[in-house]
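To start, the structure under review is shown below, and the notes come after it.
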Amino acid sequence: MDINDTRLHYEDAGEGPALLFLHGWGTTGHVWQACLPDLVRDHRVVTLDWRGCGRSDHPVTGNTIAGNTADIAAVIEELGIKPVLVGSSFGAVFATELALARPELVAGVVAVDGPGYWPAAEMREKVLDLREQMAGDRFGTLAGWVPNWFAPGAAPALVDWTVRQLVDSSPYIDALFTEVTTYDPRPRLGNLTVPITYLHGELDTEIPLEVPRTCAAATPGARVHVLAGCGHLPHQEDPRAFTAALRAIA
């Protein structure tokens, strides 16, 4: 699909209420694959590789929160759907921003371990340090960092597969790391008219549970659903529990 002068890869299967899945930074739509066979039985399921990632184009420009949000809005309009947006990490940021800007396009939001804001200055500094380290040693930095995304006991093959996706992503998306350090939607969440649920891994060390709980408290009607035993990527760590939770929400 050609969107905003960029070729975006998507997969579209099933019939019923629409779900649009948005992966996190540097990964691809493949991260949802273990959840899809159950969901396509009674949902229309769309997975998207956002710009700079996976099988989509890797342009120099547009790698911003606003750019990706505009891409997703255009995809929704092109497909003629009004989906529940299920966004992981950075994907949760894009989903939240689209729901705030264009609520008529969105039936609901499930924000999965999203960086709603940074509760401590050292967390912002860590993100900036990671961007600088990747400029010198992208593979080594990712190989050392990604294991922390998962709860203890995660399969090494899952960690390695995630690192490979990240290595294959565009370095231009690293600009999001700088932008997100100042991201804080809390002053605007009171204006959100689209239903939102914060679905969060209990053991996420990247984005602590304080973040979704604080965001939910600022959002009318918002809920928090905690997945026990999971880290930052619960849909990869425990897809059965994630899919069951998503069904209960969506």
Side-chain angles (χ1 to χ4, degrees), residues 1-112 114 161-162 164-176 179-180 194 196 233 235-236 239 242-243 246 250:
M1 181 185 298
D2 289 316
I3 297 293
N4 297 326
D5 299 320
T6 303
R7 187 73 174 171
L8 299 182
H9 177 88
Y10 73 101
E11 297 182 5
D12 186 353
E15 296 181 356
L19 301 171
L20 174 54
F21 287 88
L22 305 170
H23 60 81
W25 176 84
T27 56
T28 74
H30 284 314
V31 299
W32 309 103
Q33 61 188 4
C35 307
L36 302 186
D38 178 88
L39 294 170
V40 296
R41 292 186 296 109
D42 50 9
H43 286 80
R44 181 176 179 182
V45 178
V46 181
T47 58
L48 176 70
D49 290 3
W50 38 273
R51 66 172 57 217
C53 301
R55 297 150 290 182
S56 291
D57 285 350
H58 292 189
V60 175
T61 58
N63 299 290
T64 62
I65 293 172
N68 280 283
T69 302
D71 287 348
I72 296 160
V75 168
I76 289 172
E77 291 176 320
E78 181 72 17
L79 294 176
I81 58 176
K82 186 174 181 178
V84 172
L85 298 176
V86 185
S88 168
S89 195
F90 271 93
V93 172
F94 305 153
T96 302
E97 287 302 306
L98 183 56
L100 284 164
R102 300 285 305 277
E104 74 279 5
L105 297 180
V106 182
V109 172
V110 181
V112 183
W161 178 66
T162 304
R164 289 199 302 273
Q165 291 180 81
L166 297 170
V167 171
D168 288 340
S169 66
S170 167
Y172 300 120
I173 67 171
D174 295 358
L176 284 162
E179 184 181 9
V180 81
V194 172
I196 186 169
L233 301 173
H235 47 293
Q236 295 183 244
F242 178 87
T243 303
L246 185 58

- Take Arg44 and Leu79, measure what side chain to side chain contact (heavy atoms under 4.5 Å, CB included) needs, and give me the verdict at the end. CA-CA 11 Å; Arg44 181 176 179 182; Leu79 294 176; 4.2 Å; yes
- Should Leu166 and Thr27 be marked as a side chain to side chain contact (heavy atoms under 4.5 Å, CB included) after you check the CA-CA gap, both sets of side-chain angles, and the distance that decides it? CA-CA 6 Å; Leu166 297 170; Thr27 56; 3.9 Å; yes
- Evaluate the criterion side chain to side chain contact (heavy atoms under 4.5 Å, CB included) for residue pair Thr61 and Tyr172; output intermediate values, then yes/no. CA-CA 8 Å; Thr61 58; Tyr172 300 120; over 6 Å; no
- Would you check, one step at a time, whether the test side chain to side chain contact (heavy atoms under 4.5 Å, CB included) holds for Phe90 with Asn68? CA-CA 10 Å; Phe90 271 93; Asn68 280 283; over 6 Å; no
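The one candidate from Ile76, Leu48, Leu8 that meets the side-chain contact (heavy atoms from CB on, under 4.5 Å) condition with Asp71 is Leu8. When each of Arg55, Gln33, Gln165 is tested with Thr28 by the rule side chain to side chain donor-acceptor pair (under 3.5 Å), just one qualifies, namely Gln165. Phe242 pairs in a side-chain contact (heavy atoms from CB on, under 4.5 Å) with only one of the listed residues (Val112, Leu233, Val110), which is Val112.
Residue Ile173 holds its CD1 atom at 4.0 Å from SG of Cys53, rounded to the nearest 0.5 Å.
By the neighbour-count criterion of 12 heavy atoms within 6.0 Å, atom CG of Asp5 is sparsely surrounded, having that number or fewer from other residues, nucleotides or ligands. Under a cut-off of 6.0 angstrom, the local environment of CD in Glu77 is crowded, with over 12 non-hydrogen atoms contributed by other residues, nucleotides or ligands.
Closest approach of Lys82 and Val106 over heavy atoms only: CE-O, 3.5 Å. In this structure, Leu176 and Thr64 approach most closely via the heavy-atom pair CD2-C, 3.6 Å. Residue His9 comes nearest to Ser56 through the heavy atom pair N-OG, 2.7 Å, listed as atom of the first residue, atom of the second, then distance. Of all heavy-atom pairs spanning Gly26 and Ser169, the tightest one is O-CB, 3.6 Å. Nearest approach of Ala18 to Ile81, heavy atoms of both residues: CB-CB, 4.1 Å. Counting all heavy atoms, side chain and backbone alike, Thr162 lies closest to Gln236 at OG1-NE2, 3.5 Å.
For the residue pair Trp32/His235, the side-chain donor-acceptor check at 3.5 Å is not satisfied.
Side-chain contact check for Phe21 versus Leu39: some heavy-atom pair is nearer than 4.5 Å.
The main-chain N or O of Ile65 is found under 3.5 Å from a side-chain atom of Glu179 such that the two form a donor-acceptor pair. Between the side chain of Asp12 and the backbone N or O of Val46 there is no donor-acceptor pair closer than 3.5 Å.
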